[in-house]
2 protein chains.
Amino acid sequence: MPAETDERYHHGNLRAALLAAAEQTARESGVDALSLRDLARQVGVSHAAPRRHFPDRQSLLDALAVNGFQRIDTELRAAVARAGDDFVARLKALTQTYTRFATRDAALLELMFSRKHGENADVFLAAAQPSFTLLEDLLQEGQVQGVLREGPIDQIGIVLFATMHGIAAMTNGHLAPPDLLEGLANTAVEQFVRGAGRA
Amino acid sequence: MPAETDERYHHGNLRAALLAAAEQTARESGVDALSLRDLARQVGVSHAAPRRHFPDRQSLLDALAVNGFQRIDTELRAAVARAGDDFVARLKALTQTYTRFATRDAALLELMFSRKHGENADVFLAAAQPSFTLLEDLLQEGQVQGVLREGPIDQIGIVLFATMHGIAAMTNGHLAPPDLLEGLANTAVEQFVRGAGRA
DNA sequence: CCCGGATGTTGGCGTTGACTACATAAGTAG
DNA sequence: CTACTTATGTAGTCAACGCCAACATCCGGG
C-alpha cells in the first residue's frame, strides 16, 4: 500500500472524483455555481488538471447529465419492480419515483433537459432511451391486459413522460407548490389511465 | 426632434434597449451567452451602465423571464379568442400556441422555469398567474358545458399545464423530435378531455 | 438659477475558462 | 534494466466577465 500521503502526483481517479464533487456542488448550489477551478481545488489538483478529462466546462456538464439519466433509470426500474403486478400501481410507482428524483436533484434535471447540446443530442437521446423504453414496455403491458386501448405507444409514452417531467419542472420552478407534488403525480396517472383507457 | 447623433450622454431608454438586445441574443445564442458587458456594447453604452437598471446579471434574467410570461399570456389569450366557441378547439388552440411559443423561444422558456429565483419566487408566480387563470377559466367553461366532469380545477389545470410544458421542454432538450410537436400537443388534449371528461 | 437625484463613464479588482509549455508517472518493448 | 511513448497533472498566461467605487453629465423642481 503506497502510503496515501495525498501528495501523489497522479490522482488516480480524477474524472470520477470531479464528477462526484460536481454532483454534490450542483445539488447544493446549482449548476451555475460549478466552476472547473473550484472543483479542482475541492479535489486537490491544479486548476488545469480537469482539462485532461473534460476539454471544456460543457463536456463536464454533459457527463453529469448522462450520469443522471443512468441513475434515474436504475431507480425507475427498481421502483416498478417493487410495485407488484398491478398495472396502475406500477405506473404510479414510476411517476412518483420520477418526480421525486427530479425534485430532489433539481439541478441535475435541469442539466439533463438543457438544450445546450445540439452537438451531442444523440448521446443524450441514447442515455435517456432506456427509461423511455421502460415506460413504453409498461404501457404495452397495459394494452395487453386490456387496461389501455390500442394506439401509438411511442407518442402516448412521450405525452405521459412529458406530464411527469412538467410537474417536476413546475415544482422546481416554484410555479407549483411542492406539497402538491405527490397528489399531482397521482392525478396525472389516473387521468391518463382514463384518457388512454379502453373506451 | 433632437438630432439623433447617437452620442447623447443619456441613452434615454436603456432598460428597454437592454432587454430587447438580451432577448434577441438569448434567442440566437442561449442564455449562457448573455453578458452584461456585451449587451452594453450592443446598445452603445459603457460596460457599467446596465448596473443602474439591473443591479446584477440575475435581475436582468428575471426581468426577461417576467417579460416572457407577459408575452405568452397575450398570445394565449389571442389564440383562445380566435379559436371560436368550441371548448376542445379552444383548448387545442391554447396548447398549440403554448408549445409553439415555448419551442420558438426556447431560451426564454428555460429562464421562465428556471429555479434560480428562490428569492423572487412570488414575482414569478404573479407573472405566470394570468395564464394559469386563463387555463382554469377555460376548464371551468368545459365543466359548465358538461364536457368535463367536476373536480378540483386548480390541480387539473396544473397537470394539463405541466403536460404542455413538458412536451415543449422535451422537444427543446432534443428528447422528442420537433416534427412531432403538433401531434403530441393534440394527442395530449384529446387524452385529457377523455380522462377528465364526464364519466 | 442652482442643486440634487438619476443616469452614464472610467478605472480597477478578483475570478473564471481556455490555452500552452513543461513535469512526472506508468506502461511497454528491446 | 533501460529507453521510448503515452497518460496525466502542474505552472503560467490571457482575455472576458461580474461587480464595485469614484467621478461626470444631464435633467427637473425648489
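Residue numbering restarts at 1 for every chain, and letters A, B, ... go by the order of the sequence lines.
- Both Gln58(B) and Ala48(A) sit near DNA chain D, but only Ala48(A) has its closest nucleotide nearer the 5' end.
- Distance, Leu14(B) CG to dC27(D) C1': 16 Å, rounded to whole Å.
- Between His117(B) and Phe124(B), the ring planes lie parallel to each other; the angle is under 30°, not in the 30° to 60° tilted range.
- The minimum heavy-atom distance between Leu108(A) and Gly68(A), with the atom names listed, is CD2-CA, 3.8 Å.
- As a whole-Å value, the separation of Arg57(A) CZ from dT15(C) C1' is 13 Å.
- For Leu36(B) and dC17(D), the CG to P distance is 10 Å, given to the nearest whole Å.
- Taking atom CZ of residue Arg41(A) and atom C1' of nucleotide dA11(D), one finds them 15 Å apart after rounding to whole Å.
- Both Arg51(A) and Asp38(A) lie close to DNA chain C; mapped to their nearest nucleotides by heavy-atom distance, the more 5′-ward contact belongs to Asp38(A).
- One atom, CG of Asp32(B), and another, C1' of dT16(C), lie 14 Å apart when rounded to the nearest Å.
- With dG18(D), dT13(D), dT16(C) as the choices, the nucleotide that has an atom nearest any side-chain atom of Ser35(A) turns out to be dT16(C).
- The aromatic rings of His165(B) and Phe113(B) lie parallel to each other, with less than 30° between the two planes, well short of the 60° mark.
- Closest to the side chain of Val45(A), from the set dT10(D), dC20(D), dC17(D), is dT10(D).
- Arg37(B) comes within 4.0 angstrom of a nucleotide base, judged by non-hydrogen atoms across all strands.
- Within the nucleic acid shown, Arg15(B) has no heavy atom closer than 4.0 Å to any nucleic acid atom.
- Looking only at side-chain heavy atoms (C-beta outward), Leu91(B) and Leu135(B) come within less than 4.5 Å of each other.
- Between Phe54(B) atom CZ and dG8(C) atom P the separation is 11 Å, expressed in whole Å.
- With dA18(C), dC17(D), dG8(C) as the candidates, the nucleotide lying closest to the side chain of Arg52(B) is dG8(C).
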Might you work through the side chain to side chain donor-acceptor pair (under 3.5 Å) test for Asp32(B) and Gln58(A), ending with a clear yes or no? CA-CA 11 Å; Asp32(B) 290 354; Gln58(A) 186 59 47; over 6 Å; no

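- Considering only the side chain of His53(B), dG8(C) comes nearest among dC19(D), dG8(C), dG17(C).
- Residue Leu34(A) is classed as a sugar-phosphate contact, given heavy-atom separations below 4.0 Å to backbone atoms only.
- Between the P atom of dT7(C) and the NE2 atom of His47(B) lies a distance of 19 Å, rounded to the nearest Å.
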